[in-house]
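When a ligand or atom number is given, it counts from 1 through the structure's own listing order. Because the structure is predicted, anything quoted here is derived from the model rather than measured.
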Amino acid sequence: MKTVGALLWEPGTHSGWSVEEIELDPPKRREVMVKLTSSGICHSDDHLDTGDIPLGWAPILGGHEGAGVVTEVGPEVTELAEGDHVVLSFLPSCGKCRMCVAGRANMCELGAGVLAGYAPDGTHRIHARGQGVGAMSYLGTFSPYVTVPVDSAVKIDPSIPLMPASLIGCGVPTGWGSAVYAAEIQLGDTVVVFGTGGVGMNAVQGAVHRGARNIVTVDPVPFKQEKAKQFGATHSVGSFEEAQRVIEHMTNGQGADRVIITVDVARGDIVEQANQLTRRGGVIVLTAAAPVLQRDVQFDLFSFAMSGKRLQGSLYGTTNSKNDIPLIAEMYKSGQFKLDELITRTYKLEQINEAFADLREGKNLRGVIVYDD
Ligand SMILES: NC(=O)c1ccc[n+]([C@@H]2O[C@H](COP(=O)([O-])OP(=O)(O)OC[C@H]3O[C@@H](n4cnc5c(N)ncnc54)[C@H](O)[C@@H]3O)[C@@H](O)[C@H]2O)c1
Ligand SMILES: [Zn+2]
Ligand SMILES: [Zn+2]
């Protein structure tokens, strides 16, 4: 079918997104077609345009945070049917590989190929200007219709509004899980969250759910400092130095129990800043994406080892999509999870470059592209 999509023809060059006609194939084996309601704008898509995440291929259809209704199912799909409401997960989970059966779905073997530039079977579902187009995370939610692996689509209660639910495809579980699972926050902990955008604000929600006593957020944008309080931060400051003063005072110089890094681009110095804020035996969680080719980190290795700290990487917040996506959706439904409050502004697909400019300027917690009926 013919539809439209936002493509990068020259990733890594700051060229911006081209909204144009695309041809979308029907679902093949173990795939479904979904009509999307909306797509969140996550910072990871911007990394493709800036080159922080370099791609060796083009073009790419962007977007990996969507939700919608299944319109067609391909052969051998038994778990979903036409009309089902689904959230698209930015990482697939096959449910069969060793990591999936061990409950570590974020490490599913299928996930290793999400930036390979084609569907899991090695072919393209999207075509533009006569050539095959790769999709971000096998999804490509910057288009009102997508054809995706069934392992990337997670069914949710149809009474849950799909627009806020789209955020549960990446930023929400990534941030929340970084606090709940990766950081393993304990009751009464003092927690620092560096960067309270679409991911970090959910780390704040996760810290609340785990019963953190003090939640200190750090973000240079005043509007985000203000919003962090609504999400449960007990203190919100604008810089590392301010955080140092607050943490020192509140912990008698001991340091924070957990520090979670969810800034837009993780430079080496932020890891050492997090290290300095962390108490002996504490945990640092690195969720933010660093430029892929970055290798430089200045780090006090001696005191890190001798103070028994842990540096924990966090992919998708260490969540298990088939468990955590419906769980968060249900918590939202019962008023225990804030999703609407994350959406600062909605855009039409044609406004996508404005949406990314707003992301870079720090204007939004989350910008969301909404598709017409
Ligand atoms: N690990 C994963 O699985 C995963 C999944 C999704 C996103 N990400 C990454 O998480 C990061 C955050 O994504 P997002 O969509 O929330 O981005 P965002 O732009 O919405 O938020 C980033 C925030 O960091 C703030 N910030 C920048 N420098 C800072 C500093 N030095 N100290 C404190 N705050 C600072 C910005 O003001 C902004 O509010 C990105 O790098 C993204 O690629 C990782
Ligand atoms: Zn994302
Ligand atoms: Zn798997």
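- Taking 4.5 Å as the limit, some side-chain heavy atom of I22 sits within range of a side-chain heavy atom of I126.
- Seen from the Zn ion (ligand 3), atom SG of C94 and atom SG of C97 lie 110° apart in angle, a value rounded to 10°.
- The closest side-chain donor-acceptor pair between S89 and Y316 falls under 3.5 angstrom.
- The number of heavy-atom neighbours closer than 6.0 Å to CZ of R213, taken from other residues, nucleotides and ligands shown, is 12 or below.
- F356 and F142 have perpendicular rings, their planes meeting at more than 60° on a 0 to 90° scale where under 30° would count as parallel.
- Under 4.0 angstrom from ligand 1, the non-hydrogen atoms of T174 all belong to its side chain.
- Taking the Zn ion (ligand 3) as the apex, the angle formed with SG of C100 and SG of C108 is 100°, to the nearest 10 degrees.
- A salt bridge links E184 to R310: one of the charged nitrogens lies within less than 4.0 Å of a carboxylate oxygen.
- Between the choices L91, V237, V199, the shortest heavy-atom distance to atom 16 (O) of ligand 1 belongs to V199.
- The ligand atoms of ligand 1 that sit less than 4.0 angstrom from a heavy atom of H43 are 13 (O), 14 (P), 15 (O), 17 (O), 18 (P), 19 (O), 40 (C).
- Among all protein heavy atoms, the one lying closest to atom 9 (C) of ligand 1 is A289 N, 3.7 Å.
- Near C170, the atoms of ligand 1 lying under 4.0 angstrom from a non-hydrogen atom of the residue are 5 (C), 6 (C).
- Residue-ligand proximity: R366 is placed with a non-hydrogen atom under 4.0 Å from ligand 1.
- Scanning the protein heavy atoms around atom 7 (C) of ligand 1, the nearest turns out to be S44 OG, 3.4 Å.
- Taking every heavy atom of V221 and a limit of under 4.0 angstrom, the matching atoms of ligand 1 come to 37 (O).
- Distance from atom 36 (C) of ligand 1 to its nearest protein heavy atom, with residue and atom name: D219 OD2, 3.6 Å.
- Closer than 2.8 Å to the Zn ion (ligand 2) sit the protein N, O or S atoms C42 SG, H64 NE2, C170 SG.
- Atoms of ligand 1 lying under 4.0 Å from at least one heavy atom of G198, given by number and element, are 16 (O), 20 (O).
- Within ligand 1, the atoms closer than 4.0 Å to a non-hydrogen atom of T287 are 1 (N), 2 (C), 4 (C), 44 (C), numbered from 1 in the order shown.
- No N or O atom of F194 sits closer than 3.5 Å to an N or O atom of ligand 1.
- Comparing V192, I270, V218 against atom 31 (N) of ligand 1, the shortest heavy-atom distance belongs to I270.
- For atom 26 (N) of ligand 1, the closest heavy atom belonging to the protein is P220 CD, 3.9 Å.
- Closest to atom 22 (C) of ligand 1, if we only count protein heavy atoms, is D264 N, 3.5 Å.
- Looking at residues two or more places apart in sequence or on another chain, you find a ring-ring contact (aromatic ring centres under 6.0 Å, His included) between H47 and H43.
- Compare V172, V263, T262 by their heavy atoms: the one nearest to atom 11 (C) of ligand 1 is in V263.
- Contacts of F240 with ligand 1, taken as heavy-atom pairs under 4.0 Å, are absent altogether.
- Geometrically, ligand 1 and N364 share no nitrogen or oxygen pair separated by less than 3.5 Å.
- Per-residue contacts place H47 under 4.0 angstrom from the following atoms of ligand 1 (heavy atoms of the residue considered): 40 (C), 41 (O), 42 (C), 43 (O).
- Ligand 1 places these atoms under 4.0 Å from at least one heavy atom of F90: 3 (O).
- Near Y316, meaning under 4.0 Å from any of its heavy atoms, are these atoms of ligand 1: 2 (C), 3 (O).
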